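Here, residue 1 is the first one in the sequence, and each next residue gets the next number. Worth knowing before you read on, the calculation uses all heavy atoms, side chains too, and leaves out hydrogens, waters and symmetry mates. Order of appearance sets the numbers: ligands from 1, and atoms from 1 within every ligand. Please read all numbers here as calculations on a predicted model, not as lab measurements.
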Amino acid sequence: MGMDMADIRRELHVLISIAKLDHSLNEARVELGRLPVRVESVRKSLREIENREADSKSRLDDMAKQRRILEQQLEDNEEKLKKYKVQLMEVKTNKEYTAMLHEIDHLEKDTEAKEERLLILMDQLDGESNDNESYLEKSAKDKAQLVSQGEELEKRISSLEQEMQRLRAEKPKLLAELDPGVKKRYERTLAKLHDFAVTHVVDETCQGCFTRIPPQIVVEVKNNDRLITCEACGRMLVYYHV
Ligand SMILES: [Zn+2]
């Protein structure tokens with residue numbers, strides 16, 4: 001390529017900036033890729049709480065309805081009983097009298113059974129409504145927490161998207177500074193690997209493919225005076241402090 005040492009150093013300087021930018025871009029992309037699952041899990045938890053609240057409310061509504069029905073039936077029984085007692089005074093024959101007494105007895109037994117059912121129901125209603133109250137108290141806190149978690153996630157998503165947009169806008173400026181041959185190489189490698197084409201070395205490891213680099217090559221990469229390619233993945237290697 002006919003580059004002298006100063007050219008190469010300048011080239012590597014630009015490549016370091018590109019490597020940093022691409023790593024930031026990749027980190028943002030990876031994090032962004034993980035967030036929708038978390039958003040969905042928050043939404044699912046919220047739906048579960050809301051479903052449980054609705055179930056509890058519908059159980060309470062059912063019980064309250066049963067209670068109103070029983071109370072109405074007891075009122076009806078009382079009315080009937082009053083009527084029967086008046087009628088009892090007016091019967092003419094023993095046979096009619098006995099039949100009437102039988103009716104009254106039947107009605108009183110029915111009332112007794114219904115009153116017992118009503119008591120049990122009121123007890124259940126009490127328990128259920130206490131449970132419901134303490135559940136609602138707890139679920140209100142859980143929901144508030146989930147809603148704020150969801151908001152945090154949405155905020156993070158939009159900030160990552162903005163960050164990626166900013167980095168993408170910045171990149172062509174850096175690429176324009178590269179030697180055309182190096183730029184072509186960068187673009188070819190990027191097209192093949194999708195994430196980044198130039199990367200740095202940490203702990204003697206290529207940060208693109210995490211293959212160990214021979215110590216002698218690491219020394220050369222650290223010198224930043226020669227274009228070195230990772231033999232395992234084909235990414236260009238540069239050195240910088242993180
Ligand atoms: Zn590599």
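- Side-chain N/O atoms of D62 and Q66 include no donor and acceptor closer than 3.5 Å.
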List the atom pairs, donor and acceptor, that lie under 3.5 Å between side-chain atoms in residues 193-205 and the rest of the protein, sequence neighbours left out.
{"residue": "D195", "atom": "OD1", "partner": "R235", "partner atom": "NH2", "Å": "2.8"}
{"residue": "D195", "atom": "OD2", "partner": "R235", "partner atom": "NH2", "Å": "3.3"}
{"residue": "T199", "atom": "OG1", "partner": "H23", "partner atom": "NE2", "Å": "2.7"}
{"residue": "H200", "atom": "ND1", "partner": "Y240", "partner atom": "OH", "Å": "3.4"}
{"residue": "E204", "atom": "OE1", "partner": "R212", "partner atom": "NH2", "Å": "3.4"}
{"residue": "T205", "atom": "OG1", "partner": "D203", "partner atom": "O", "Å": "3.0"}

Report the C-alpha distance between K80 and E103 in whole Å, list the side-chain angles of each, state the deciding distance to 0.1 Å, and finish with yes or no for salt bridge (Lys or Arg N to Asp or Glu O under 4.0 Å).
CA-CA 10 Å; K80 266 193 221 162; E103 278 299 316; over 6 Å; no
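- The side-chain hydrogen bond (donor to acceptor under 3.5 Å, both in side chains) analysis of residues 121-131, with sequence neighbours excluded, yields the pairs R59-E128.
- Protein contacts to the Zn ion (ligand 1) involving N, O or S atoms at a distance below 2.8 Å are C206 SG, C209 SG, C230 SG, C233 SG.
- For the residue pair E163 and S24, no side-chain donor N or O sits within less than 3.5 Å of a side-chain acceptor on the partner.
- The salt bridge (Lys or Arg N to Asp or Glu O under 4.0 Å) test applied to R29 returns no partner, not counting sequence neighbours.
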